[in-house]
Amino acid sequence: MQWASWSAFFNMGGYALYVWVSFGLTLLCVVWEVLALRKRSAQALRLSRLLAQE
Amino acid sequence: MNEAWIIVLKRDLLLAFRRRSDVATTLFFFLIVSSLFPLGIGPEAAVLSSIAPGVLWVAALLAGMISLTRLFAADFADGSLEQMLIAPQPLALLVLAKILAHWIVCGLPVVLLAPLIGLQYALPNESLLVLVWSLLLGTPALSLIGAIGAALTLGVRGSGLLVALLVLPLYIPVLIFGAGAVAASQHGMSAQAHLSLLAACSILALVLAPLATAAALRISVE
Amino acid sequence: MNEAWIIVLKRDLLLAFRRRSDVATTLFFFLIVSSLFPLGIGPEAAVLSSIAPGVLWVAALLAGMISLTRLFAADFADGSLEQMLIAPQPLALLVLAKILAHWIVCGLPVVLLAPLIGLQYALPNESLLVLVWSLLLGTPALSLIGAIGAALTLGVRGSGLLVALLVLPLYIPVLIFGAGAVAASQHGMSAQAHLSLLAACSILALVLAPLATAAALRISVE
Amino acid sequence: MLTAQGLACLRGDRLLFKNVAFELSAGGLMYVLGENGSGKSSLLRLLCGLLTPEEGAVFWNGQAIGQDAELYQTDLTYIGHLNGLKDDLTALENLQFGARLAGNVVDNVAALKALTAIGVARCANLPVGVLSQGQKRRVALARLWLTRSKLWILDEPFAALDTASVEVLAAQLSAHMVNGGMTIITTHQDVAIQAQSTQTLRLSA
Amino acid sequence: MLTAQGLACLRGDRLLFKNVAFELSAGGLMYVLGENGSGKSSLLRLLCGLLTPEEGAVFWNGQAIGQDAELYQTDLTYIGHLNGLKDDLTALENLQFGARLAGNVVDNVAALKALTAIGVARCANLPVGVLSQGQKRRVALARLWLTRSKLWILDEPFAALDTASVEVLAAQLSAHMVNGGMTIITTHQDVAIQAQSTQTLRLSA
Amino acid sequence: MKINWFKYSSPQTFYPLAGKMIPWFAWLATILAIAGLYISFVIAPTDFQQGEAYRIIFVHVPAAWMSMVIYIVMAAWAGLGLALNARLSAMMAQALAPTGAIFTLLALVTGSLWGKPMWGAWWVWDARLTSELILLFLYLGFIALQSSIDDPRRADRAGALLALVGVVNVPIIYFSVKWWNTLHQGSSINMGAAPKMAATMLLGMLLMALAFWMYTVAVGLMRVRCIMLERERSADWVKALSLGAK
Ligand code: HEM
Ligand SMILES: Nc1ncnc2c1ncn2[C@@H]1O[C@H](COP(=O)(O)OP(=O)(O)OP(=O)(O)O)[C@@H](O)[C@H]1O
Ligand SMILES: Nc1ncnc2c1ncn2[C@@H]1O[C@H](COP(=O)(O)OP(=O)(O)OP(=O)(O)O)[C@@H](O)[C@H]1O
Ligand SMILES: [Mg+2]
Ligand SMILES: [Mg+2]
């Protein structure tokens with residue numbers, strides 16, 4: 001175990017900003033991509049439903 | 001709002017945004033061009049930051065100019081230009097709307113991205129600010145002057161050569177003042193004088209260019 | 001001599017001659033870009049000559065590219081391209097002729113003008129020679145690679161900037177070797193290796209680019 | 001009323017025509033006929049103010065057209081050889097922008113009705129670039145269903161149209177003249193158009 | 001002999017036509033008719049090899065046209081909606097370059113003769129950009145007097161032509177068929193052309 | 001007449017198949033990522049030179065690796081599509097490009113975030129950094145080209161051609177950039193100077209890279225499904241599907 005406490009963990013030896021922004025950004029990209037794709041798929045389905053009902 | 005110039009502005013913006021990638025393309029172009037210089041010159045930060053004002057200004061000029069040369073060409077070829085000429089509105093106003101649209105699509109994004117690239121070139125913070133100001137004041141002049149050239153080189157007349165030689169040199173003062181402003185701030189001097197001159201260029205261009213462009217268009221379409 | 005590719009070459013050269021303004025614009029652009037830096041940076045010969053290879057090469061590259069964006073556009077719009085596609089001759093050969101014409105009109109003048117500008121940058125004589133050689137060996141590759149981009153973006157809106165986005169990254173090796181050759185000679189080293197690499201780039205491009213361009217044209221005209 | 005007096009047109013070093021004079025009053029239709037290159041399009045552009053005559057002048061309601069250009073241009077609809085359409089905009093958008101630029105207030109419904117009238121409603125939301133030659137022409141001509149201007153100047157409106165559309169267009173032109181409008185038209189085809197008065201101007205090369 | 005089998009053409013998400021099949025033999029003339037946007041131009045481009053069919057294939061003398069493209073293209077002359085002329089070159093230069101590109105050996109005299117035949121000799125040394133719509137079209141069509149290829153594919157060649165030129169062109173087409181040539185043509189006008197055999201392909205939108 | 005089975009029936013049959021595969025890859029990615037994160041934050045020891053900042057390596061390096069792998073895979077799909085005229089392959093290429101661009105961007109940003117504390121600068125013109133930047137441009141060019149062509153068939157083929165040209169050029173670019181940097185005065189810090197990596201670090205990076213890879217597959221499949229829906233909008237199977245989906 002590397003960490004004396006949670007705050008030490010979050011502090012990352014003084015590099016918190018850099019480390020957490022890196023990981024956070026990665027997570028953000030992943031989440032955003034998945035959500036955007038869900039939305040895109042739903043939109044495509046809605047559109048072809050409109051076409052089908054025409 | 002059904003004024004003709006707003007119609008023209010809207011149409012041109014719509015044309016640009018029809019492909020959302022268009023605006024992005026301007027930005028990436030700017031980014032790529034400014035990455036070319038380090039590749040040619042080498043990675044030393046000191047040298048890079050000394051050429052940064054020139055590089056950024058040339059990149060901005062290019063990003064605007066590549067699309068500008070064709071500002072009226074498409075309208076001319078497909079006949080929209082004729083329709084603008086016989087619209088019941090002053091032509092200079094319509095021309096101004098077209099230039100404005102061009103600047104919004106090609107000039108503004110460059111102004112906003114410039115500081116980021118300035119960082120890559122190791123520009124100090126206050127120079128970054130001056131850079132943005134100089135681009136904001138100077139790029140409208142580039143668009144306006146370029147429009148005259150674009151109008152004059154329309155059509156089949158062979159006079160284009162002379163015209164190109166007349167219009168292009170008008171860019172030089174803008175470039176010199178623009179790059180000069182940033183360079184001055186790098187050397188710890190005030191950029192005020194340069195910026196005022198830039199603004200003066202833009203205002204002069206704003207007054208004269210639409211009229212000159214409109215006249216040039218009438219000649220080209222005859 | 002009635003081979004189709006010679007016809008195409010002749011026609012494009014004649015067209016360029018009729019529209020001299022386009023050629024002048026390219027050269028003028030090269031001049032502006034390369035004269036801007038001395039104005040912005042100041043007259044110290046040492047600094048200037050250290051950035052000279054990069055600046056001159058980037059300027060040459062951009063000047064070529066500006067004109068390149070329209071390599072096939074006019075032919076596409078007026079229907080000549082269709083006729084080339086159904087001519088009883090390998091399309092790649094016709095494409096090569098068009099590229100050759102473009103290089104003669106836009107590349108060669110830059111090569112010839114470059115030493116003059118090199119003087120402004122206080123380049124020593126042997127470097128001037130290397131500069132000319134490097135441009136002579138490298139600019140064909142630029143025209144060849146650029147043609148692929150021009151063909152791919154045919155008929156696409158905002159194609160000017162898009163071509164740049166596609167093509168500039170592919171230009172980078174040529175830029176590096178070209179500027180590297182001049183820089184090496186400045187530092188008293190032999191530029192031989194760089195020049196060979198440049199030539200290799202050009203030969204590779206010569207073999208692949210016409211085929212890729214022909215394929216791209218067929219795709220674009222569909 | 002449109003009056004032309006002693007018009008002459010010089011292109012390059014060729015005098016295309018001279019001493020062309022006519023008067024067109026409300027409800028009148030004028031055919032401009034002649035071979036290819038006889039100067040029909042040039043005359044039409046001259047009447048629009050896009051070209052300046054070498055000699056002579058054009059008057060709208062007694063006033064030279066250059067004098068109050070905006071007034072004249074409000075009353076004028078010109079459709080030339082070129083369609084004036086943007087390949088990247090849809091037919092509907094093109095029509096709306098075109099009509100608004102000419103000073104007509106046009107909403108979606110009206111524009112769609114115009115496209116329906118000339119039979120290209122199905123293409124309303126397609127970018128004009130993908131349309132066929134004749135469909136493009138029809139989108140350009142749809143403006144005639146939206147404009148309220150008195151004077152229509154049309155340069156070969158029937159070229160590239162299929163027979164059905166030719167009839168639709170002819171009917172619309174006839175209706176315009178019945179309502180007191182004026183039309184100047186060039187064509188190489190024989191198409192029947194009704195008008196309160198019809199005249200023919202023949203240019204010879 | 002040109003044979004088409006089961007051709008289908010998809011543009012965007014619209015199926016323009018399918019199962020188009022025909023056979024055209026020496027001396028044969030084929031009209032492709034249909035409304036605006038029914039796919040006539042697309043069919044012609046497909047026959048030239050400019051478009052790839054979604055289904056089916058085109059054969060020239062029993063061989064798929066893609067197989068030995070150069071052979072087929074030597075036998076082919078295609079004139080589409082676009083004239084393929086450069087505005088900055090003169091009519092004469094344009095004609096010469098165009099014909100030579102297609103593999104015909106053409107000197108000044110022959111080219112001038114072709115321009116004379118279709119009545120634009122006077123414009124021979126003018127840049128094409130200043131010519132009238134019909135004159136441009138005629139310069140493009142003048143290639144038909146120079147080519148020796150068997151198969152002509154013409155997309156609305158009569159559009160924008162005056163009546164005199166329409167007759168001249170019709171006569172030239174008739175002569176081509178008499179000599180055993182083949183022609184595929186689209187048009188919205190009624191023009192009489194003689195041929196050893198005539199067939200009509202009607203596309204419906 | 002021969003019917004190209006691959007060309008016509010593929011999207012229809014592939015759509016549900018992809019739907020079944022996505023959850024598997026998603027779960028794999030999650031599990032691998034959790035394991036990787038556990039190693040990177042809990043097990044891996046502090047670096048005595050760089051302190052905790054080095055932990056960025058666990059996203060930075062996998063992202064950089066993936067950015068390169070995806071480009072190759074994308075070009076392979078594109079080439080296959082061009083050679084066989086297979087629409088599915090072209091769609092796969094199109095589906096991978098945005099994910100590749102995102103990983104490239106992540107490698108650049110995390111690299112910068114690492115560079116600031118280590119080198120004191122957000123950016124240096126180092127060979128590896130520069131070639132990664134160029135890779136980003138290549139991705140963006142591909143995406144921009146495809147998105148500015150309306151006709152999907154043409155977009156596919158144009159994009160494929162560009163991707164193939166890019167593949168020929170990537171090695172040339174890579175070596176030229178490397179050489180460029182060594183010829184000029186090198187940047188003062190060398191990334192390779194990181195200490196010999198302990199086995200745990202390597203394991204962590206590997207796990208994270210695998211997680212990214214599985215994620216890429218899942219997201220690629222999701223995107224390819226969207227593309228199919230959009231392209232075949234008026235096809236019967238899509239209509240039936242959309243009605244069934246309520
Ligand atoms: C914007 C900045 C950066 C970019 C674009 C970048 C890019 C890359 C790329 C493309 C790789 C994979 C190369 C390969 O496997 O051959 C890589 C690996 C690596 N990077 Fe970075 N990097 C950046 C900044 C940094 C910084 C600041 C450090 C540390 C001080 C760093 C340390 C590493 C290490 C240790 C590897 C793994 C090396 C290996 O696998 O051989 N990077 N980086
Ligand atoms: N991307 C696309 N999406 C939808 N429809 C398209 C697309 N591209 C082309 N089309 C349609 O294909 C048809 C093209 O027809 P084509 O040009 O072959 O017609 P044509 O019969 O020659 O007509 P004309 O008589 O007007 O010349 C048009 O109806 C057009 O709307
Ligand atoms: N610079 C010039 N030098 C010589 N002749 C010129 C010049 N510019 C235009 N012309 C001539 O002027 C005429 C233009 O005619 P215009 O376009 O008005 O003809 P049109 O009657 O509309 O013909 P069409 O029926 O083909 O449309 C052409 O004969 C052209 O050759
Ligand atoms: Mg005319
Ligand atoms: Mg057609």
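Per chain, numbering begins at 1; letters A, B, ... match sequence-line order.
Going from atom CG of E/Asn83 over to atom CG of C/Asp78 covers 9.0 Å, rounded to the nearest 0.5 Å. The structure places CG of E/Leu82 at 11.5 Å from CG of C/Asp75, a figure rounded to the nearest 0.5 Å. To the nearest 0.5 angstrom, C/Ile86 atom CD1 is 11.0 Å from E/Thr74 atom OG1.
Looking only at side-chain heavy atoms (C-beta outward), E/Glu93 and C/Arg18 come within less than 4.5 Å of each other. Residues E/Arg100 and C/Arg11 are not in side-chain contact: their nearest non-hydrogen atoms beyond the backbone lie 4.5 Å or more apart.
A donor-acceptor pair under 3.5 Å is formed between the side chain of C/Glu222 and the backbone N or O of E/Thr52. One N or O on the side chain of C/Gln83 and one on the backbone of E/Tyr78 form a donor-acceptor pair closer than 3.5 Å.
Among E/Leu51, E/Asp75, E/Leu101, E/Leu46, the residue making the largest number of heavy-atom pairs under 4.5 Å with chain C is E/Leu101. Note: C/Leu15 leads C/Val221, C/Leu85, C/Leu81, C/Leu15 in heavy-atom pairs under 4.5 Å with chain E. For the set E/Glu70, E/Gln96, E/Arg45, E/His81, the entry with the most heavy-atom pairs within less than 4.5 Å of chain C is E/Glu70.
Residue C/Ala77 touches chain E through its backbone alone, counting heavy-atom pairs closer than 4.5 Å. With a 4.5 angstrom heavy-atom cutoff, C/Leu94 touches chain E only via side-chain atoms. Contacts between E/Leu85 and chain C at a heavy-atom distance below 4.5 Å involve the backbone alone (N, CA, C, O). Of the two parts of C/Phe76, only the backbone, made up of N, CA, C and O, holds a non-hydrogen atom closer than 4.5 Å to a non-hydrogen atom of chain E.
Residue C/Trp133 qualifies as open at atom CH2: its count of foreign heavy atoms under 6.0 Å is 12 or below.
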